[in-house]
Amino acid sequence: MGVECRYELAQAAYVKLALHALKHPAAAVNGLLVGTLADPAASPAVVSVADAVPLSHQPHPLPLLPTLELALTLVEDHFQAQGLAVVGYYHANARRDDADLPAVAKRVGDHIFRYFPRAAVLLLDNVKLEEVVKGNSRDAVVQLYTRDSSKSWRQAGSDGSSQLKLKEPSTNVVLADHVTTKKWQQVVDFDDHLDDISKDWLNASLLG
């Protein structure tokens, strides 16, 4: 279904996932994407990704964590009142030069796909992120993957099309500003929350 769909990534979601990766440069980080199917009748349909929820940081990609279902339930319960749902997953590899989508990201993507058939998986490009932080690039630091008819996750846009769009043109400038003020230090993921339940896994004040 990914071929029939376009994805708009809001500034809050994009900046949050990038700051999550910057906080743990030697770890694989991941999280959930929250949003909505903006207009199901449109052609192509548009999935609007409104927010990101950081989940974990680990030295290496791991199998599905036992906490994933708990996190999914809490995220769905919280965002349902806003008319939003889990629409995808993001992942950043631990190694700077690793540009492959790992098996764990595909498995989480498959799980989300069962509930939202237009699910997206975003893989963060660590090299591009470095360039954006330096103010040398306006390119998106994430690559979109969607599931094809063979149930495989494929990188979108290889045919020259652009299925992923940053909703706000100044998003990379805002990200660079947040890096300058070391906002990445304040990111709380679900791992942090489980270690200390007083920490806000929603990061409500992070970009305020």
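We use all heavy atoms of the structure for the numbers below, so side chains are in, but hydrogens, waters and symmetry mates are not.
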Identify the two heavy atoms, one from [X] and one from [Y], that lie closest to each other, and give their separation to 0.1 Å.
| X | Y | result |
| --- | --- | --- |
| Glu76 | Leu84 | OE1-O, 4.5 Å |
| Cys5 | Gln163 | O-NE2, 3.0 Å |
| Thr36 | Val87 | N-CG1, 4.0 Å |
| Ala105 | Val121 | O-CG2, 4.2 Å |
| Tyr145 | Ala99 | OH-O, 4.1 Å |
| Trp201 | His78 | CH2-CB, 4.5 Å |

Does the side chain of [Y] come within less than 4.5 Å of [X]'s, by heavy atoms?
| X | Y | value |
| --- | --- | --- |
| Val34 | Gln82 | no |
| Asn203 | Pro54 | yes |
| Ser170 | Gln11 | yes |
| Leu68 | Val108 | yes |

Hydrophobic clustering (ILVMFWY, side-chain heavy atoms < 4.5 Å, transitive) - are [Y] and [X] grouped together?
| X | Y | answer |
| --- | --- | --- |
| Val53 | Leu194 | yes |
| Val86 | Tyr89 | yes |
| Leu207 | Val188 | no |
| Leu32 | Val29 | no |
| Tyr90 | Phe116 | yes |

Using modelled atom types and a 3.5 Å cut-off, is there a donor and acceptor pairing between side-chain atoms of [X] and backbone atoms of [Y]?
| X | Y | answer |
| --- | --- | --- |
| Asn172 | Asp139 | yes |
| Asn93 | Asp98 | yes |
| Gln143 | Ala156 | yes |
| Asp125 | Lys128 | yes |

*Carefully, step by step, assess Lys167 and Ser48 under the rule side-chain contact (heavy atoms from CB on, under 4.5 Å).*
CA-CA 9 Å; Lys167 202 167 182 180; Ser48 179; 3.8 Å; yes
*Give the intermediate values and the outcome of side-chain contact (heavy atoms from CB on, under 4.5 Å) for residues Asp191 and Leu55.*
CA-CA 6 Å; Asp191 282 350; Leu55 285 185; over 6 Å; no
Using 0.5 Å steps for rounding, measure from the [atom1] atom of [X] to the [atom2] atom of [Y].
| X | Y | atom1 | atom2 | result |
| --- | --- | --- | --- | --- |
| Phe190 | Leu202 | CZ | CG | 9.5 Å |
| Leu206 | His20 | CG | NE2 | 11.0 Å |
| Asp189 | Lys16 | CG | NZ | 12.5 Å |
| Leu144 | Arg154 | CG | CZ | 14.0 Å |
| Phe113 | His111 | CZ | NE2 | 13.5 Å |
| His24 | Asn30 | NE2 | CG | 10.5 Å |

*What do you reckon, is CD of Gln80 surrounded by more than 12 foreign heavy atoms closer than 6.0 Å?*
no
*asked:* Determine whether Ser152 and Lys106 satisfy the following criterion, side-chain contact (heavy atoms from CB on, under 4.5 Å), listing intermediate values before the conclusion.
replied: CA-CA 8 Å; Ser152 299; Lys106 296 174 184 177; over 6 Å; no
*Could you walk me through whether Asp192 and Lys199 pass salt bridge (charged side-chain N to carboxylate O under 4.0 Å, His left out), step by step?*
CA-CA 7 Å; Asp192 296 324; Lys199 293 183 177 180; 5.1 Å; no
*Between Tyr14 and Leu175, is a side-chain contact (heavy atoms from CB on, under 4.5 Å) present by the stated rule, with each step listed?*
CA-CA 8 Å; Tyr14 181 86; Leu175 172 58; 4.1 Å; yes
